[in-house]
Amino acid sequence: MIEQLPIINLILLLTTALVIPLFKKQRFMVTLILSFVVLFIVWLSALYLLYHVNTTGAFYYRFGGYSPTIGLELLINPFSALFTFFVITLLMIIFIYSTADASDGIHEREYGRYYILMFILLFAMFGIIYTNDLFNTYVFMEILSITTCAIISIKRKKKNYAAAFRYVMLNEMGSLSYLFGVALLYMVTGYTNIELVFQGVQDVWVIYPTNIIIAAIFMIVGLGLKAAIFPLHIWLPDAHSAAPSSSSAILSAIVVKVYLIILVKVLFSVFGITIIEALHIPSLLMVIGAVGIVMGSFFAIAQHDIKRMLGYSSVAQIGYIVLGIGLASSLGLRIAFYHVFSHGIMKSVLFLSVGAVIYQRNLRKVTAYNGIGYMMPLSIGMFTLAALGMIGIPLTSGFISKFNLGIAALDGGQGIYIIILVVSGILNAIYYLPIIIAAFLRENPENQIYVSKDKVPLLMIMPILILGAFIVIIGVYPAIIFDLVDSAVSTFSF
Amino acid sequence: MNDIIVKSITRLVIPFLQLYGIYIILHGHISPGGGFSGGALIGSSLILYTLVFGVDRAQKKFSHRVSEIAESGGILLYLFVGALGIALTGNFLSNKAAGFPLGELGSLLSGGIIPVLMIGIGIKVASTMITLFHVLIQEESQ
Amino acid sequence: MFQPKYKWYDNFTTLTGGLIILGAIILVYVLAGLNGSFGLNNPFERFTMLKTLSEFKWMPLLIIFTPAVGGGIQLFFSRKTCYSRDTVVIVMSFSTILMTLLMYPTALDGGQLLSFPGFLGLGLSLKVDMLSLVMLLITSILWFLVMVYAHAYMIKEKRCNRFFFFMALTYSSVLGTLVSADLLTMFLFFEMMTITSYMLVTHGQKEESYSAGYNYIFMGLLGGFAIFVALVLMVVYVGDLSFTSAIVALQATGSIRYWIIGLLVMGFGIKAGMAPVHVWLPRAHPVAPTPASALLSGIMIKVGAYGVLRVATSYYFPVKNTVDSRFDPIWLTSETIGFSIIWLGMITMAIGVFLALQQSNIKRMLAYHSISQMGYIVMGIGVALYLGYYGAMGFAGSLYHIINHALFKSLLFMVAGSVYLHTRENDMYKLGGLWRKLPLSATVALIAALGISGIPLFNGFVSKTILHHGIVEAYEYGHASFRYAEWIFIVISAGTVCSFIKLYYYVFLGKMPDIYKSIKPKLNSLDVSMAAIAMMILFIGLNPSLILDLFIIPELRVISYDPQFINTYIVGMSVFTVSDMSIMVPIVILGFLIFIAGTKFHLFHLKLPGWLRIEYIFFYPSFHLMRGACRLLYGDQCPIDKKEYFKMDIKHNYDVGFLDRFVVLSHMFDKRFEKKIINSDALIYTILITLVIIIMMFV
Amino acid sequence: MNLVNDILAHVNFIGAMALFVIGLYMVVTHSNLIKRIMGINIMGTAIFYFFIAVGNVEDGAPPLLDPDGNALTFINPLPSVLILTGIVVVVSITVYSLSLVVRIYETYGTIDQKEMAQIEAEDDD
């Protein structure tokens, strides 16, 4: 029965998405309760799978029992189990938030649709992480990008449509590039199953290097476009800032990470470390990551809209993960995975707390945050915590990421990137600190001296607090994550 | 389009189109074609109806609610049949391994669960096409 | 409703006075007992319970958490009255003194290591050894007294609750920095200190405090990142972060060892106000409320010095008893480092005094003196490193001066605060003749000024003499250039004397302006705490060997210095010798001469040309670079926000900070390119993919 | 002659690449949203063409099981099956983006990206 759990998760998610439209629109509460129950069940099973693969080892799931040469295959190993667990945990917490803050620009008629999209999103992400097949990844990726795009355009505003259009177009280009890479690999190996392709690529690497080089380029650039790696981040700031608060958190914290996870799979499971090192891809990735860290922060400084600023900050933080991947060592990958967690949590907190501010006061301008800390101490307090994490102050998970990334870079003989980490910390401070200072130390015209309560629904403040607690927990005792991440890293051979 | 020729020919053609679509769906497992192509045929027949007789009449024949249910229902059928494989001690979408009769090669009743899956896909594709078309048309008319 | 008959907590001064007397009795009893003077026995042997308590393993953690927990409690009490809140503050601070004293026997044995493996990835560890204990003791005593002072001072200010809360958190992190036993733990608390003390600097919420605070936090973060990089280098090249000798591993790393110590000195040095990176200090200290600036100058900058001292004498020194010669090649690294640190200290001293003489704002002047006095301490650290095996004198001097400077500098700040509280004036040229109105303040100011000037019988004399011995030894055993260093030392001491003659003359002597005639001071906790510190200054000045015997010599014996050297020169050292005292005569005379010359020729109102300012020298090239970039983007006239572009003008070189310009630059860059980048979406993809194909195909 | 033979042997792949570049060119140079969608469709078609060309076998028969059991050379059916899925995906993307274009036309009154950018810039000011 345990072997069936992954597919049961997928079916459950898809079925829920299909069942929601069958409910009457008035019974919105039913939808929410059903959604939460399903999410909780999937969460439990993801947790159990994580425990299972870490104790008894990885296993395959074959659709219809066909052999992997022609059939589809899911691979559940510590890596995929860990990231499905990450995705579902974070999404469940953000879901709780979204139940209270669904009003952020979404028409009442669309509430049900929003949750349908959320479930299809989750379904696609689970599929991407579980699947062991390149073409299947493509299909799930397309489902994911359409769904994401629909979530962006669910707010009926001018900017949302433009952002969604740009998103869908660039993502489609990314997907097609990826598919082109798959086709080139299929041409020389004859398979789409990742492990078989890996074998084939190693065999034909000497005979058809051109095919493999072009495949690698197209796949990496395509995924880079979808993962918003620096010069290809064009769509991200608009898309993430236009989306409703809770979905901005989902997009920045989870969805972008999923593409990075595919990138890791493609680099280390499909091509293998020897080929990508021979192609100098790691050093290229490192340079791109470093440039992204600096430029993302540099653009973030200039933003007036706080959600756009957070979007650019995501671009910078993705640079960290790319840098970690580019180190192409188990230390580097370990910290890249850790940062997926760390940034996921921190960015959710940032987006959600900003969402709470927008919910209560409708403040989107960076300069409008004067004295807001007295009116919403909990939200802005958590914002502060996460922002300090972004800067890299100890006791937050951001410090652990930065510290270990520095160690990994130096260990891999790339000590120059430590300077990038420092520069990024300072740049992050330049745009986060004024907001915090204004929020807590500047006077507001309303002249609030005394701290008052947040006055937002409990369901909104609870998720922020839970995630904020996570920042500190995994920042103070990172072994919780590192133990899991280490077993995930060990599924890749270096 | 208030053209009598178009209207009459459409009335004539649509049953054949739909019949052909059903034929393709049902023969999906023994000849080229299948749920997608057949569903697309049925869907285009409905689009043709909409084009000729207008959205309002088409909506009466094939309302939004119906297409919503058909969309969900088609894929749910697929999932249900696939999940039967799990129930019958196989994997998801198991065919022979779960004990479905495969029948004789070349006959209509063969291929285990594949014809059923094809029907599900056909419903889904047909209803999706018509829904999308209606949505697009209504957006413009608004 | 229940009404207590006697409101003892209302009578704050009585309470604090009682506590201070109690504390003094305990302190004198314990110290004298430990030293064996007055026929007292060692209290830890007399009362076995104390001995057991002192071996309590969790004491370092407890001492960190006491103020933090107290912060929470006082937030709860602050809803009722200021008095109940401040009572909590006082009790908490007092209990830390007792805890520190309790740890003495264990610290004497080298301290117990309390480690928390797994925390922050590499594990944290705490340990209280003698060096920590000295710092802890002076910190806790001073903090307690400043808190007593703060009650009376802050009662008229707004947002006291926040102030005391962040004060408590800062206290926690300072204590944490002092008790940490590895670099990671130290870094953790050091960063916490930067963040929490920021709230103290910006407490006033005026424009100048924002700009000073901005300066403070970014310099602090820069320092934090410098330590961070050193930390990363240490982890990769040495592997062990605990404060034990790592010189063998470091010597194998080539030039990396200099990078590590350079970054650490920069990181801690920023907090310590070391010469080229001191720019935040004279801005931040004056704008903070007086209790905060007293502690900033008294304790927090010492934490930076402590960091350098701790790191250098542990990582860069060999293991004790493995080396028995000054000429062992293992000392070469520390000699090189020490050489540069001595000169850094000299520059810091000179800049501090020179700029202090130009100031008219009392607090600003005191802040510059903090820099200068930090120069003494840094120089002592340099000597301690430079002489290697024989560096005990420098170490003793700098540690002693840390204690002394903490006492007299915070006392001076408190006097400045007291004057400000009564007159609302910080400009010394507008004050005068206040000794009539504020006799107690005038007395303690005199004591503190004599202390900082290094007059015999006051505490500054002791440490300055030891430091003077140190620099003379550096000359005798080492490089000939330190002969000049000694001269500079003397000239700077004279500058200090002059500066305080000036301060005392303009504030307390001379003619009193009429508006201050109406001042009616009354005794409150302000005076109690100032008097207590003055007493301590006198006590140390009269018993100079007590601290040496009890605290410094045990610590020196732990470090791998020559025991022979310590026994010969430091044990039983008397500073009241004719040769040592006679050095003060030319210094004082020179000080008077400078003062007379200064007042006569208006040298104190000299305004230095702008290009001499440190910020100017550092940022001038970057100003031009950024301006050039802006010109490149927009030409001479700016189509966007005029107000923003204004900041790039050369005229506003002094008002606009580096960061502001950077933000403007980024705004311009964004205006110019962001939309273009976004609109050329597919083009970027195409260019990138073509580029990568070209790179991969032809590389 | 060799070159011509080479080109003839790989004419499918070359054609696919040419289509891809044409599609990309369209996406890059045009600012009309519908034309950009068309460009993406062309890119997609190029890749499907490429995929199917990969599966092509010289003189292969359609991959249908013959009940009589005559052994034949079949064309590889897998790429075709995959591409069927791919086509569905691209069609849905196209439909989705077209519906977005409709909305954009409603809100912006134009479907030209440059004009949209101008309108946005005016909105910001």
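Proteins get letters first, then strands, A, B, ... in listed order; numbering begins at 1 in each.
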Does the side chain of [X] reach to within under 4.5 Å of the side chain of [Y], using non-hydrogen atoms?
X      : Y      : result
A:R166 : C:I678 : yes
A:L232 : C:D681 : no
C:V235 : A:F403 : yes
A:P394 : C:F187 : yes
A:V221 : C:Y685 : yes
A:I437 : C:Y198 : yes

Give a yes or no on whether the backbone of A:L441 and the side-chain of C:Q205 come within a donor-acceptor separation of less than 3.5 Å.
->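 Yes; at least one donor-acceptor contact below 3.5 Å.
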At a 4.5 Å cut-off on heavy atoms, which part of [X] comes close to chain C: side chain, backbone, both, or neither?
X      : answer
A:L405 : neither
A:Y338 : neither
A:D238 : side chain
A:I426 : both
A:I474 : neither
A:I419 : neither
A:S177 : both

Cation-pi geometry met for C:R162 and A:F440 (6.0 Å, 45°) = no
For atom [atom1] of [X], decide whether the heavy atoms of other residues, nucleotides or ligands shown that lie under 6.0 angstrom number more than 12.
X      : atom1 : answer
C:L691 : CG    : yes
C:F218 : CZ    : yes
A:W205 : CH2   : yes

Centres of the C:F662 and A:F298 rings: under 6.0 Å?
->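 Close enough - the centres of the two rings lie under 6.0 Å apart.
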Return the orientation label for the C:F228 and A:F399 ring planes: parallel under 30°, perpendicular over 60°, tilted otherwise.
->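 Correct class here is perpendicular.
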Look at the rings of C:F119 and A:Y477 and say which category their plane angle falls in: under 30° parallel, 30 to 60° tilted, over 60° perpendicular.
->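 If you compare the ring of C:F119 with that of A:Y477, the planes turn out perpendicular.
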Chain A contact via [X] - which portion, at a heavy-atom distance below 4.5 Å:
X      : result
C:L222 : both
C:L688 : side chain
C:L231 : both
C:Y237 : side chain
C:N161 : neither
C:F189 : neither
C:Y214 : side chain

Out of curiosity, [X] [atom1] to [Y] [atom2], how far, rounded to the nearest 0.5 Å?
X      : Y      : atom1 : atom2 : value
A:I400 : C:L120 : CD1   : CG    : 4.0 Å
C:I684 : A:H233 : CD1   : NE2   : 7.0 Å
A:I214 : C:I689 : CD1   : CD1   : 9.5 Å
C:I256 : A:L410 : CD1   : CG    : 7.0 Å
C:F673 : A:F299 : CZ    : CZ    : 8.5 Å

Please walk me through it: do C:L221 and A:I393 pass side-chain contact (heavy atoms from CB on, under 4.5 Å)?
-> CA-CA 9 Å; C:L221 282 176; A:I393 303 297; 3.7 Å; yes
Between [options], who has the most heavy-atom pairs with chain C when the cutoff is under 4.5 Å?
options                : result
A:G475, A:A302, A:P478 : A:A302
A:Q303, A:M169, A:R442 : A:R442
A:L284, A:I217, A:L170 : A:I217
A:D411, A:L279, A:L395 : A:L395

Of A:L433, A:I301, A:I430, which is the lone residue that meets side chain to side chain contact (heavy atoms under 4.5 Å, CB included) with C:L659?
-> A:I430
Output the option from C:V692, C:I217, C:L188 having the highest count of non-hydrogen pairs under 4.5 Å with chain A.
-> C:L188
Does A:K402 come within less than 4.0 Å of C:E191, counting only side-chain N to carboxylate O?
->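 Salt bridge between A:K402 and C:E191, a charged N being under 4.0 Å from a carboxylate O: no.
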